[in-house]
Protein chains: 2
Amino acid sequence: MLPIFEKYIKAQSTSFTDEEIRRIGAAAIQRKVRKKELLLNAGEVCRYKMFITKGFLRTYRIGSDGSEHLMQFSPELTWTTDGESYANRNPSDYNIDALEDSQLLLWSKDSFDALLTLIPALKAFSDQLISNNLHSSRNRIYKAISSTPEEKYEDFIRTYPGILLRVPLRMVASYLGMSVKTLSRIRQAQLQH
Amino acid sequence: MLPIFEKYIKAQSTSFTDEEIRRIGAAAIQRKVRKKELLLNAGEVCRYKMFITKGFLRTYRIGSDGSEHLMQFSPELTWTTDGESYANRNPSDYNIDALEDSQLLLWSKDSFDALLTLIPALKAFSDQLISNNLHSSRNRIYKAISSTPEEKYEDFIRTYPGILLRVPLRMVASYLGMSVKTLSRIRQAQLQH
DNA sequence: TTGAAATCGGGACAAATGTCCTCTTTCGAA
DNA sequence: TTCGAAAGAGGACATTTGTCCCGATTTCAA
(Lines give C-alpha, C1' and ligand atoms only; values in the text may rest on other atoms or scores of the structure.)
Protein backbone atom coordinates (compact mmCIF):
# COMPACT_ATOMS: atom_id res chain seq x y z
CA MET A 1 0.00 0.00 0.00
CA LEU A 2 2.78 2.43 0.83
CA PRO A 3 4.22 2.53 -2.70
CA ILE A 4 0.80 3.57 -4.00
CA PHE A 5 0.61 6.34 -1.43
CA GLU A 6 4.13 7.53 -2.20
CA LYS A 7 3.43 7.66 -5.90
CA TYR A 8 0.23 9.63 -5.21
CA ILE A 9 2.01 12.14 -2.98
CA LYS A 10 4.77 12.74 -5.49
CA ALA A 11 2.25 13.30 -8.25
CA GLN A 12 0.35 15.82 -6.11
CA SER A 13 3.18 17.91 -4.78
CA THR A 14 6.88 18.32 -5.48
CA SER A 15 7.46 19.98 -2.11
CA PHE A 16 8.24 16.80 -0.22
CA THR A 17 11.63 15.24 0.25
CA ASP A 18 11.88 11.46 -0.02
CA GLU A 19 12.67 11.33 3.69
CA GLU A 20 9.52 13.29 4.52
CA ILE A 21 7.38 10.99 2.42
CA ARG A 22 8.93 7.99 4.13
CA ARG A 23 8.14 9.45 7.56
CA ILE A 24 4.55 10.18 6.65
CA GLY A 25 4.08 6.66 5.37
CA ALA A 26 5.82 5.17 8.40
CA ALA A 27 3.33 6.87 10.70
CA ALA A 28 0.36 5.24 8.98
CA ILE A 29 -1.53 2.17 10.10
CA GLN A 30 -2.26 -0.21 7.25
CA ARG A 31 -5.68 -1.78 7.17
CA LYS A 32 -7.62 -4.05 4.86
CA VAL A 33 -11.41 -4.16 5.01
CA ARG A 34 -14.01 -6.32 3.35
CA LYS A 35 -17.01 -5.02 1.51
CA LYS A 36 -19.71 -3.78 3.95
CA GLU A 37 -17.27 -3.45 6.81
CA LEU A 38 -17.89 -0.40 8.97
CA LEU A 39 -15.00 2.01 9.52
CA LEU A 40 -16.92 4.63 11.44
CA ASN A 41 -20.15 4.13 13.32
CA ALA A 42 -22.33 7.17 14.04
CA GLY A 43 -21.96 8.00 17.71
CA GLU A 44 -18.27 7.06 17.81
CA VAL A 45 -15.42 9.52 17.54
CA CYS A 46 -13.72 9.45 14.15
CA ARG A 47 -10.14 8.72 15.21
CA TYR A 48 -8.41 8.62 11.85
CA LYS A 49 -7.66 10.42 8.67
CA MET A 50 -7.94 7.75 6.00
CA PHE A 51 -6.36 7.43 2.59
CA ILE A 52 -7.79 4.81 0.26
CA THR A 53 -5.06 3.04 -1.71
CA LYS A 54 -7.46 0.52 -3.18
CA GLY A 55 -11.21 0.03 -3.16
CA PHE A 56 -14.13 2.30 -2.45
CA LEU A 57 -15.70 3.81 0.69
CA ARG A 58 -18.82 5.81 1.28
CA THR A 59 -19.86 8.28 3.97
CA TYR A 60 -23.53 8.48 4.84
CA ARG A 61 -25.91 9.62 7.50
CA ILE A 62 -29.10 8.07 8.84
CA GLY A 63 -32.09 10.44 8.97
CA SER A 64 -34.54 10.53 11.84
CA ASP A 65 -36.86 8.33 9.76
CA GLY A 66 -34.13 5.74 9.28
CA SER A 67 -33.28 6.60 5.69
CA GLU A 68 -29.72 6.67 4.42
CA HIS A 69 -28.30 9.87 2.91
CA LEU A 70 -25.06 9.51 1.07
CA MET A 71 -22.67 12.38 1.67
CA GLN A 72 -19.53 11.23 -0.05
CA PHE A 73 -18.06 8.62 -2.35
CA SER A 74 -14.40 7.89 -1.66
CA PRO A 75 -12.68 5.89 -4.39
CA GLU A 76 -9.02 4.91 -4.40
CA LEU A 77 -6.44 7.71 -4.19
CA THR A 78 -8.71 9.98 -2.17
CA TRP A 79 -8.94 10.90 1.49
CA THR A 80 -11.78 10.64 3.90
CA THR A 81 -12.61 11.31 7.54
CA ASP A 82 -15.23 13.19 9.51
CA GLY A 83 -13.24 16.36 9.98
CA GLU A 84 -15.52 17.72 12.67
CA SER A 85 -15.40 14.60 14.80
CA TYR A 86 -11.68 14.06 14.12
CA ALA A 87 -10.67 17.60 15.05
CA ASN A 88 -12.82 18.01 18.16
CA ARG A 89 -13.07 14.37 19.24
CA ASN A 90 -16.85 14.64 19.14
CA PRO A 91 -19.18 11.75 18.43
CA SER A 92 -19.76 11.65 14.70
CA ASP A 93 -23.09 11.90 12.89
CA TYR A 94 -21.74 9.89 9.99
CA ASN A 95 -21.14 6.30 9.06
CA ILE A 96 -18.31 5.22 6.81
CA ASP A 97 -18.23 1.77 5.27
CA ALA A 98 -16.69 -0.11 2.39
CA LEU A 99 -18.56 -0.53 -0.89
CA GLU A 100 -15.79 -2.82 -2.13
CA ASP A 101 -12.95 -4.72 -0.49
CA SER A 102 -10.48 -1.95 0.27
CA GLN A 103 -7.00 -1.14 1.49
CA LEU A 104 -6.45 1.89 3.66
CA LEU A 105 -3.81 3.94 5.37
CA LEU A 106 -4.88 5.45 8.70
CA TRP A 107 -3.33 8.24 10.73
CA SER A 108 -4.46 9.02 14.25
CA LYS A 109 -4.87 12.68 15.10
CA ASP A 110 -1.92 12.66 17.44
CA SER A 111 0.46 11.18 14.93
CA PHE A 112 -0.81 13.30 12.07
CA ASP A 113 -0.57 16.48 14.13
CA ALA A 114 3.02 15.59 14.93
CA LEU A 115 3.73 15.20 11.22
CA LEU A 116 2.09 18.54 10.47
CA THR A 117 4.41 20.44 12.80
CA LEU A 118 7.43 18.45 11.70
CA ILE A 119 6.79 18.82 7.95
CA PRO A 120 5.61 22.25 6.78
CA ALA A 121 5.00 20.93 3.28
CA LEU A 122 2.44 18.52 4.73
CA LYS A 123 0.61 21.37 6.43
CA ALA A 124 0.51 23.23 3.10
CA PHE A 125 -0.69 20.10 1.31
CA SER A 126 -3.34 19.48 3.93
CA ASP A 127 -4.54 23.09 3.71
CA GLN A 128 -4.83 22.66 -0.03
CA LEU A 129 -6.95 19.54 0.37
CA ILE A 130 -9.26 21.36 2.76
CA SER A 131 -9.54 24.27 0.38
CA ASN A 132 -10.42 21.94 -2.50
CA ASN A 133 -12.94 20.24 -0.29
CA LEU A 134 -14.59 23.53 0.61
CA HIS A 135 -14.71 24.52 -3.03
CA SER A 136 -16.35 21.32 -4.15
CA SER A 137 -18.79 21.50 -1.25
CA ARG A 138 -19.87 24.96 -2.38
CA ASN A 139 -20.33 23.67 -5.89
CA ARG A 140 -22.43 20.81 -4.62
CA ILE A 141 -24.60 23.23 -2.64
CA TYR A 142 -25.02 25.37 -5.73
CA LYS A 143 -26.12 22.43 -7.82
CA ALA A 144 -28.42 21.18 -5.06
CA ILE A 145 -30.31 24.48 -4.87
CA SER A 146 -30.21 25.49 -8.53
CA SER A 147 -30.47 22.40 -10.71
CA THR A 148 -33.28 20.17 -11.84
CA PRO A 149 -32.93 16.43 -11.19
CA GLU A 150 -31.95 15.95 -14.85
CA GLU A 151 -29.18 18.51 -14.53
CA LYS A 152 -27.98 16.97 -11.29
CA TYR A 153 -27.73 13.56 -12.90
CA GLU A 154 -25.95 14.85 -15.99
CA ASP A 155 -23.56 16.81 -13.84
CA PHE A 156 -22.89 13.74 -11.74
CA ILE A 157 -21.91 11.52 -14.65
CA ARG A 158 -19.77 14.34 -16.02
CA THR A 159 -18.04 15.07 -12.71
CA TYR A 160 -17.68 11.47 -11.52
CA PRO A 161 -17.52 9.25 -14.56
CA GLY A 162 -17.06 5.68 -13.51
CA ILE A 163 -18.75 5.84 -10.13
CA LEU A 164 -22.09 5.00 -11.73
CA LEU A 165 -20.65 1.68 -12.83
CA ARG A 166 -19.46 0.76 -9.37
CA VAL A 167 -22.42 1.54 -7.12
CA PRO A 168 -26.16 0.78 -7.10
CA LEU A 169 -28.38 3.47 -8.56
CA ARG A 170 -30.13 4.02 -5.25
CA MET A 171 -26.86 5.36 -3.82
CA VAL A 172 -26.48 7.84 -6.64
CA ALA A 173 -30.09 8.91 -6.09
CA SER A 174 -29.38 9.31 -2.38
CA TYR A 175 -26.25 11.35 -3.10
CA LEU A 176 -28.21 13.61 -5.43
CA GLY A 177 -31.15 14.00 -3.07
CA MET A 178 -33.85 12.42 -5.21
CA SER A 179 -35.85 9.21 -5.16
CA VAL A 180 -34.69 6.16 -7.08
CA LYS A 181 -37.87 6.48 -9.10
CA THR A 182 -36.98 9.94 -10.32
CA LEU A 183 -33.47 8.84 -11.23
CA SER A 184 -34.69 5.81 -13.11
CA ARG A 185 -37.22 7.96 -15.00
CA ILE A 186 -34.44 10.30 -16.08
CA ARG A 187 -32.32 7.42 -17.28
CA GLN A 188 -35.25 5.94 -19.14
CA ALA A 189 -35.93 9.26 -20.87
CA GLN A 190 -32.31 9.48 -21.98
CA LEU A 191 -32.53 6.12 -23.72
CA GLN A 192 -34.96 7.67 -26.17
CA HIS A 193 -32.18 9.70 -27.79
CA MET B 1 -15.17 50.31 12.37
CA LEU B 2 -11.85 49.16 13.81
CA PRO B 3 -13.06 49.09 17.43
CA ILE B 4 -15.88 46.76 16.39
CA PHE B 5 -13.39 44.46 14.68
CA GLU B 6 -11.04 44.52 17.66
CA LYS B 7 -13.82 43.66 20.04
CA TYR B 8 -14.89 40.79 17.75
CA ILE B 9 -11.37 39.39 17.52
CA LYS B 10 -10.85 39.48 21.26
CA ALA B 11 -14.13 37.71 21.83
CA GLN B 12 -13.20 34.99 19.33
CA SER B 13 -9.66 34.23 20.40
CA THR B 14 -7.42 35.04 23.32
CA SER B 15 -4.31 34.15 21.35
CA PHE B 16 -3.69 37.63 19.98
CA THR B 17 -1.59 40.34 21.57
CA ASP B 18 -2.93 43.89 21.40
CA GLU B 19 -0.10 44.78 19.08
CA GLU B 20 -1.03 41.98 16.70
CA ILE B 21 -4.65 43.06 16.65
CA ARG B 22 -3.56 46.63 15.92
CA ARG B 23 -1.44 45.44 13.01
CA ILE B 24 -4.21 43.38 11.53
CA GLY B 25 -6.60 46.32 11.73
CA ALA B 26 -4.00 48.70 10.33
CA ALA B 27 -3.65 46.55 7.21
CA ALA B 28 -7.37 46.77 6.41
CA ILE B 29 -9.04 49.10 3.97
CA GLN B 30 -12.19 50.67 5.37
CA ARG B 31 -15.13 50.90 3.04
CA LYS B 32 -18.74 52.01 3.28
CA VAL B 33 -21.28 50.80 0.75
CA ARG B 34 -24.88 51.68 0.07
CA LYS B 35 -27.66 49.16 -0.24
CA LYS B 36 -27.55 47.37 -3.63
CA GLU B 37 -23.94 48.33 -4.24
CA LEU B 38 -21.92 45.55 -5.88
CA LEU B 39 -18.73 44.42 -4.16
CA LEU B 40 -17.91 41.56 -6.48
CA ASN B 41 -19.12 41.11 -10.02
CA ALA B 42 -19.10 37.63 -11.54
CA GLY B 43 -16.22 37.47 -14.01
CA GLU B 44 -13.96 39.66 -11.85
CA VAL B 45 -11.29 38.36 -9.50
CA CYS B 46 -12.30 38.57 -5.86
CA ARG B 47 -9.41 40.66 -4.52
CA TYR B 48 -10.38 40.91 -0.86
CA LYS B 49 -11.25 39.08 2.28
CA MET B 50 -14.07 41.11 3.79
CA PHE B 51 -15.26 41.53 7.34
CA ILE B 52 -18.64 43.14 7.86
CA THR B 53 -18.63 45.47 10.86
CA LYS B 54 -22.11 46.77 10.13
CA GLY B 55 -24.85 45.92 7.65
CA PHE B 56 -25.61 42.87 5.56
CA LEU B 57 -24.17 41.33 2.39
CA ARG B 58 -25.23 38.45 0.23
CA THR B 59 -23.38 36.15 -2.16
CA TYR B 60 -25.29 34.79 -5.10
CA ARG B 61 -24.84 33.23 -8.49
CA ILE B 62 -26.73 33.72 -11.73
CA GLY B 63 -27.87 30.49 -13.41
CA SER B 64 -27.71 29.91 -17.14
CA ASP B 65 -31.40 30.85 -17.31
CA GLY B 66 -30.75 34.17 -15.58
CA SER B 67 -32.12 33.20 -12.19
CA GLU B 68 -30.45 34.23 -8.93
CA HIS B 69 -29.30 31.58 -6.48
CA LEU B 70 -28.36 32.79 -3.05
CA MET B 71 -25.32 31.06 -1.64
CA GLN B 72 -24.66 33.02 1.51
CA PHE B 73 -26.03 35.64 3.85
CA SER B 74 -23.32 37.71 5.54
CA PRO B 75 -24.58 39.80 8.44
CA GLU B 76 -22.41 42.00 10.66
CA LEU B 77 -19.51 40.34 12.49
CA THR B 78 -19.01 37.71 9.82
CA TRP B 79 -16.50 37.26 7.02
CA THR B 80 -17.04 36.80 3.32
CA THR B 81 -15.08 36.37 0.12
CA ASP B 82 -14.97 33.97 -2.79
CA GLY B 83 -12.18 31.81 -1.47
CA GLU B 84 -11.57 30.09 -4.78
CA SER B 85 -11.24 33.32 -6.74
CA TYR B 86 -9.31 35.01 -3.94
CA ALA B 87 -6.76 32.23 -3.53
CA ASN B 88 -6.12 31.50 -7.21
CA ARG B 89 -6.90 34.92 -8.68
CA ASN B 90 -9.45 33.32 -10.96
CA PRO B 91 -12.53 35.08 -12.29
CA SER B 92 -15.33 34.48 -9.81
CA ASP B 93 -18.68 32.83 -10.53
CA TYR B 94 -20.29 34.79 -7.72
CA ASN B 95 -21.74 38.21 -7.11
CA ILE B 96 -21.59 39.91 -3.74
CA ASP B 97 -23.73 42.93 -2.99
CA ALA B 98 -25.16 44.84 -0.06
CA LEU B 99 -28.67 44.12 1.20
CA GLU B 100 -28.34 47.07 3.59
CA ASP B 101 -26.03 50.06 3.90
CA SER B 102 -22.87 48.46 5.25
CA GLN B 103 -19.43 49.09 6.63
CA LEU B 104 -16.60 46.76 5.72
CA LEU B 105 -12.97 46.02 6.37
CA LEU B 106 -11.08 44.69 3.36
CA TRP B 107 -7.74 42.92 3.16
CA SER B 108 -6.02 42.27 -0.15
CA LYS B 109 -4.48 38.83 -0.56
CA ASP B 110 -0.95 40.23 -0.48
CA SER B 111 -1.43 42.10 2.75
CA PHE B 112 -3.38 39.29 4.41
CA ASP B 113 -0.79 36.71 3.41
CA ALA B 114 1.87 38.92 4.96
CA LEU B 115 -0.12 39.03 8.18
CA LEU B 116 -0.55 35.25 8.14
CA THR B 117 3.19 34.63 8.10
CA LEU B 118 3.88 37.39 10.59
CA ILE B 119 1.20 36.34 13.09
CA PRO B 120 0.86 32.58 13.69
CA ALA B 121 -2.25 33.13 15.81
CA LEU B 122 -3.94 34.66 12.77
CA LYS B 123 -3.13 31.58 10.70
CA ALA B 124 -4.64 29.39 13.43
CA PHE B 125 -7.70 31.62 13.60
CA SER B 126 -8.11 31.60 9.84
CA ASP B 127 -7.77 27.82 9.74
CA GLN B 128 -10.50 27.61 12.35
CA LEU B 129 -12.81 29.81 10.28
CA ILE B 130 -12.25 27.62 7.24
CA SER B 131 -12.91 24.52 9.28
CA ASN B 132 -16.17 25.97 10.60
CA ASN B 133 -17.10 26.96 7.08
CA LEU B 134 -16.51 23.44 5.79
CA HIS B 135 -18.54 21.99 8.61
CA SER B 136 -21.52 24.24 8.01
CA SER B 137 -21.30 23.60 4.27
CA ARG B 138 -21.54 19.86 4.91
CA ASN B 139 -24.54 20.42 7.12
CA ARG B 140 -26.17 22.49 4.43
CA ILE B 141 -25.57 19.75 1.88
CA TYR B 142 -27.06 17.22 4.24
CA LYS B 143 -30.18 19.28 4.74
CA ALA B 144 -30.45 19.99 1.03
CA ILE B 145 -30.47 16.30 0.10
CA SER B 146 -32.35 14.91 3.09
CA SER B 147 -35.00 17.41 4.19
CA THR B 148 -38.45 18.33 2.97
CA PRO B 149 -39.11 22.00 2.23
CA GLU B 150 -40.91 22.32 5.57
CA GLU B 151 -37.91 20.96 7.42
CA LYS B 152 -35.58 23.24 5.50
CA TYR B 153 -37.63 26.26 6.45
CA GLU B 154 -37.89 25.29 10.11
CA ASP B 155 -34.19 24.60 10.24
CA PHE B 156 -33.48 27.96 8.65
CA ILE B 157 -35.43 29.97 11.19
CA ARG B 158 -33.83 27.92 13.97
CA THR B 159 -30.30 28.31 12.63
CA TYR B 160 -30.57 31.92 11.47
CA PRO B 161 -33.16 33.64 13.59
CA GLY B 162 -33.44 37.26 12.61
CA ILE B 163 -32.42 36.94 8.98
CA LEU B 164 -36.02 36.33 7.99
CA LEU B 165 -36.91 39.78 9.28
CA ARG B 166 -34.22 41.51 7.27
CA VAL B 167 -34.58 40.03 3.78
CA PRO B 168 -37.41 39.41 1.31
CA LEU B 169 -38.90 35.94 1.36
CA ARG B 170 -37.81 35.26 -2.20
CA MET B 171 -34.18 35.37 -1.03
CA VAL B 172 -34.83 32.83 1.69
CA ALA B 173 -36.58 30.63 -0.88
CA SER B 174 -33.60 31.01 -3.19
CA TYR B 175 -31.18 30.13 -0.39
CA LEU B 176 -33.21 27.02 0.43
CA GLY B 177 -33.60 25.94 -3.18
CA MET B 178 -37.37 26.16 -3.46
CA SER B 179 -39.86 28.45 -5.19
CA VAL B 180 -41.35 31.43 -3.37
CA LYS B 181 -44.70 29.78 -3.79
CA THR B 182 -43.64 26.72 -1.86
CA LEU B 183 -42.17 28.83 0.92
CA SER B 184 -45.29 30.94 1.19
CA ARG B 185 -47.46 27.82 1.30
CA ILE B 186 -45.40 26.48 4.19
CA ARG B 187 -45.71 29.74 6.09
CA GLN B 188 -49.44 29.81 5.48
CA ALA B 189 -49.82 26.27 6.79
CA GLN B 190 -47.91 27.17 9.96
CA LEU B 191 -50.36 29.97 10.75
CA GLN B 192 -53.02 27.32 11.34
CA HIS B 193 -51.34 26.23 14.57
C1' DT C 1 -45.21 63.78 -2.49
C1' DT C 2 -46.08 60.69 -6.18
C1' DG C 3 -45.66 57.08 -9.42
C1' DA C 4 -43.31 52.80 -10.52
C1' DA C 5 -41.55 48.66 -8.91
C1' DA C 6 -41.23 45.04 -5.61
C1' DT C 7 -43.38 42.09 -2.26
C1' DC C 8 -46.45 38.63 -1.02
C1' DG C 9 -50.62 36.09 -0.68
C1' DG C 10 -53.94 33.47 -3.27
C1' DG C 11 -56.35 30.75 -7.17
C1' DA C 12 -56.09 27.62 -11.11
C1' DC C 13 -53.81 24.49 -13.55
C1' DA C 14 -50.02 21.56 -15.28
C1' DA C 15 -45.94 19.12 -14.44
C1' DA C 16 -42.86 16.78 -11.54
C1' DT C 17 -42.02 13.78 -7.92
C1' DG C 18 -42.84 10.32 -4.39
C1' DT C 19 -45.02 6.11 -2.60
C1' DC C 20 -46.64 1.63 -3.18
C1' DC C 21 -46.98 -2.21 -5.73
C1' DT C 22 -45.46 -6.04 -8.97
C1' DC C 23 -42.22 -8.51 -11.80
C1' DT C 24 -37.77 -9.97 -13.49
C1' DT C 25 -32.97 -10.29 -13.05
C1' DT C 26 -28.82 -10.20 -10.55
C1' DC C 27 -26.09 -10.85 -6.59
C1' DG C 28 -24.38 -12.91 -2.53
C1' DA C 29 -24.03 -15.88 1.36
C1' DA C 30 -24.67 -20.44 3.16
C1' DT D 1 -24.93 -24.83 -6.39
C1' DT D 2 -29.04 -22.93 -4.35
C1' DC D 3 -32.08 -20.01 -2.13
C1' DG D 4 -33.21 -15.53 -0.34
C1' DA D 5 -32.30 -10.76 -0.70
C1' DA D 6 -31.38 -6.73 -3.31
C1' DA D 7 -31.66 -4.10 -7.53
C1' DG D 8 -34.04 -1.89 -10.96
C1' DA D 9 -37.81 -1.10 -14.23
C1' DG D 10 -42.54 -0.06 -14.71
C1' DG D 11 -47.61 1.04 -13.67
C1' DA D 12 -51.07 3.50 -10.92
C1' DC D 13 -52.13 6.95 -8.10
C1' DA D 14 -51.79 10.81 -4.76
C1' DT D 15 -49.22 14.63 -3.38
C1' DT D 16 -46.15 18.17 -3.95
C1' DT D 17 -44.23 21.71 -6.39
C1' DG D 18 -43.86 25.09 -10.00
C1' DT D 19 -45.70 28.49 -13.32
C1' DC D 20 -48.81 31.96 -14.55
C1' DC D 21 -52.18 34.79 -13.33
C1' DC D 22 -54.29 38.64 -10.27
C1' DG D 23 -54.77 42.14 -6.57
C1' DA D 24 -53.51 44.57 -2.33
C1' DT D 25 -49.89 46.56 0.14
C1' DT D 26 -45.34 48.25 0.84
C1' DT D 27 -41.06 50.16 -0.59
C1' DC D 28 -38.22 53.09 -3.07
C1' DA D 29 -36.54 56.64 -5.95
C1' DA D 30 -37.45 60.72 -8.68
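Just so we're clear, the structure is a prediction, and the values are computed from it rather than from any experiment. Within every chain, numbering begins at 1; the chains are lettered A, B, ... in the order of the sequence lines, protein sequences first and strands thereafter. All heavy atoms count here, side chains included; hydrogens, waters and symmetry mates do not.
If you measure from atom CG of A/Leu183 to atom P of C/dT19, you get 14 Å, rounded to the nearest angstrom. Rounded to a whole Å, the CD atom of A/Glu100 is 11 Å from the P atom of C/dG28. A straight line from CZ of B/Arg185 to C1' of C/dC8 spans 14 Å, rounded to a whole angstrom. Atom pair A/Gln190:CD and D/dA9:P shows a separation of 12 Å (rounding to whole Å applied). Protein atom CZ of B/Arg187 is 14 Å distant from nucleotide atom P of C/dT7, rounded to whole Å. Atom-to-atom, CD of A/Gln188 to C1' of C/dT17 comes out at 17 Å; the value is rounded to the nearest Å. In this structure, the CG atom of A/Leu99 is 15 Å from the C1' atom of C/dC27, given to the nearest Å. One atom, CD1 of A/Ile186, and another, P of C/dA15, lie 18 Å apart when rounded to the nearest Å.
Side-chain N or O atoms of B/Glu151 include one that pairs as donor or acceptor with a backbone N or O of B/Thr148 at under 3.5 Å. Judged by distance alone, with hydrogens and angles left aside, the side-chain atoms of A/Ser126 form no donor-acceptor pair with the main-chain N or O of A/Leu122 at under 3.5 Å. Side-chain atoms of A/Ser92 do not come within 3.5 Å of backbone N or O of A/Glu44 as any donor-acceptor pair.
Nearest heavy-atom pair, A/Asn95 versus A/Ile62, reported as atom, atom and distance to 0.1 Å: ND2-CG1, 3.6 Å.
Remark: B/Pro168, B/Leu169, B/Arg170 in residues 156-172 of chain B come within less than 4.0 Å of DNA chain C through at least one heavy atom.
With D/dA9, C/dG11, C/dT17 as the choices, the nucleotide that has an atom nearest any side-chain atom of B/Lys181 turns out to be C/dG11.
Between B/Asp127 and A/Lys123 there is a salt bridge, since a side-chain N of the basic residue sits under 4.0 Å from a carboxylate O of the acidic one. Salt bridge annotation for A/Arg158-A/Asp155: present, with a cationic side-chain nitrogen under 4.0 angstrom from a carboxylate oxygen.
Look at B/Lys35 and you'll find a side-chain N or O under 4.0 angstrom from OP1 or OP2 of D/dC28. The side chain of B/Ser184 contributes an N or O atom lying less than 4.0 Å from OP1 or OP2 of C/dG9.
When hydrophobic clusters are built by joining Ile, Leu, Val, Met, Phe, Trp and Tyr residues whose side-chain heavy atoms come closer than 4.5 Å, directly or via intermediates, B/Trp107 is grouped together with B/Ile4.
If B/Ser179 and A/Lys36 are placed on DNA chain D by their nearest nucleotide, the residue sitting closer to the 5' end is A/Lys36.
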